[in-house]
Amino acid sequence: MTLLSHFGVYGICIREGKLLCIRKNRGPYKGRFDLPGGSQNEGESLLDTLKREMSEETGFQVLSARNNRIFDTFVKAEAAEDTVHHIFAVYDVELATNSAVSITKTIDQGAVNDSAGFDWVDMTELTEGNASPLILKILEPSLAASRFLSWKVLG
């Protein structure tokens, strides 16, 4: 078994008890709700990553970001040999409501977009059966790392 590390930057936007989620298109969180966000490009700041990823995955532009914090989780998919230590910085974001544009299936240099679109999901409806470990951590924040060592990959 190998331990892999992944770092990403994600946005949290809550309106009227609903969390802005993307429908994950690939990877171990495929078929689940996830936070919009992702990996930094070389030389990119955390805020620049957040703004780019929010736009790519939801079509919304970030007006402001605040209350940054960092969490981590260990995820091992059922059929995988490797465990991923997913370290993620999150920001509470305010979005320009009139800024949404349609998202594309491919992004930089033809890479597949992680997002199959976005939904505003009632926070009471988000569970281990339909949400990523990132969302589960946001629902029950703790400084201790969460561990999902038999993670079911959907779809």
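- For CD of Glu140, the number of neighbouring non-hydrogen atoms (other residues, nucleotides, ligands) closer than 6.0 Å is 12 at most.
- Under the 4.5 Å side-chain heavy-atom criterion for ILVMFWY residues, no single connected hydrophobic cluster contains both Leu63 and Ile14.
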>> Before you tell me yes or no, could you show the steps for Ile138 and Leu136 under side-chain contact (heavy atoms from CB on, under 4.5 Å), namely the whole-Å CA-CA distance, both residues' side-chain angles and the distance that decides it to 0.1 Å?
In response: CA-CA 5 Å; Ile138 298 310; Leu136 298 175; over 6 Å; no
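- When side chains are defined from C-beta on, Ile87 counts as touching His85, because their heavy atoms get closer than 4.5 Å.
- Side chain of Asn130 to backbone of Glu125: a donor-acceptor contact under 3.5 angstrom is found.
- Residues Gly38 and Thr49 approach most closely at O-CG2, 3.6 Å, considering heavy atoms.
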>> The test is side-chain contact (heavy atoms from CB on, under 4.5 Å); show your working for Val84 and Lys76 and say whether it passes.
In response: CA-CA 6 Å; Val84 176; Lys76 181 180 182 302; over 6 Å; no
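- For the pair Phe71/Val90, a side-chain contact is recorded, criterion being any heavy-atom separation below 4.5 Å from C-beta on.
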> Going through the distances and angles, do Arg26 and Asp114 end up as a salt bridge (charged side-chain N to carboxylate O under 4.0 Å, His left out)?
Replying inline: CA-CA 6 Å; Arg26 61 187 181 125; Asp114 282 348; 2.5 Å; yes
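- The nearest pair of heavy atoms linking Ala131 to Leu126 is CB-CD2, 4.2 Å.
- The six-membered or imidazole ring of Tyr91 lies away from that of Tyr10, with a centre-to-centre distance of 6.0 Å or more.
- When every heavy atom of Asp92 is checked against every heavy atom of Arg69, the shortest pair comes out as OD1-NH2, 3.1 Å.
- At a threshold of 4.5 Å between side-chain heavy atoms, the hydrophobic network of Ile, Leu, Val, Met, Phe, Trp and Tyr places Phe88 and Phe33 in one connected group.
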>> If you apply the rule side-chain hydrogen bond (donor to acceptor under 3.5 Å, both in side chains), what do you find for Glu56 with Ser115, and how did you get there?
In response: CA-CA 8 Å; Glu56 286 176 358; Ser115 174; over 6 Å; no
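- Cluster membership check: Leu134 shares its hydrophobic cluster with Val121, using side-chain heavy-atom separations under 4.5 Å among Ile, Leu, Val, Met, Phe, Trp and Tyr.
- Side-chain contact between Leu50 and Asp48 is absent, with no heavy atoms from C-beta onward closer than 4.5 Å.
- Looking at heavy atoms from C-beta onward, Val62 lies in side-chain contact with Leu95 at the 4.5 angstrom threshold.
- Glu16 contributes atom CD, which lies 11.0 Å from atom CG of Asp122 (distance to the nearest 0.5 angstrom).
- Atom OG1 of residue Thr127 and atom CD1 of residue Ile135 lie 10.0 Å apart, to the nearest 0.5 angstrom.
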> Can you list the steps and then say if Trp120 with Cys21 is a side-chain contact (heavy atoms from CB on, under 4.5 Å)?
Replying inline: CA-CA 6 Å; Trp120 292 94; Cys21 299; over 6 Å; no
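- Note on Ile70 and Val93: same hydrophobic cluster, where clusters join Ile, Leu, Val, Met, Phe, Trp and Tyr whose side-chain heavy atoms are under 4.5 Å apart, directly or indirectly.
- To the nearest 0.5 Å, the span separating CG on Leu4 from OG1 on Thr83 amounts to 8.0 Å.
- Surrounding NZ of Lys51 are at most 12 heavy atoms belonging to other residues, nucleotides or ligands under 6.0 Å away.
- Proximity of a side-chain donor or acceptor of Glu57 to a complementary backbone N or O of Gly37 within less than 3.5 Å is detected.
- The side-chain heavy atoms of Gln61 and Ser55, taken from C-beta on, include a pair separated by under 4.5 Å.
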For residues 142-155, tabulate all N or O donor-acceptor pairs below 3.5 Å that involve a side-chain atom, not counting sequence neighbours.
residue : atom : partner : partner atom : Å
Ser142  : OG   : Ala144  : N            : 3.1
Ser146  : OG   : Thr73   : OG1          : 2.7
Trp151  : NE1  : Pro28   : O            : 2.9

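- Looking at heavy atoms from C-beta onward, Glu44 lies in side-chain contact with Arg52 at the 4.5 angstrom threshold.
- In this pair, His86 and Tyr29 present their aromatic rings parallel. The plane angle is below 30°, not in the 30 to 60° band.
- Residues Leu20 and Met54 have side chains in contact (heavy-atom distance under 4.5 Å, counting atoms from C-beta outward).
- With a 4.5 Å cut-off on side-chain heavy atoms, Leu35 and Ile22 do not count as touching.
- For Asp119, the salt bridge (Lys or Arg N to Asp or Glu O under 4.0 Å) partners two or more places apart in sequence, or in a different chain, are Arg23.
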> Given the rule in the side-chain contact (heavy atoms from CB on, under 4.5 Å) test, do Gln40 and Leu46 qualify, once you have shown the distances and angles that lead to the verdict?
Replying inline: CA-CA 7 Å; Gln40 288 178 288; Leu46 294 175; 3.7 Å; yes
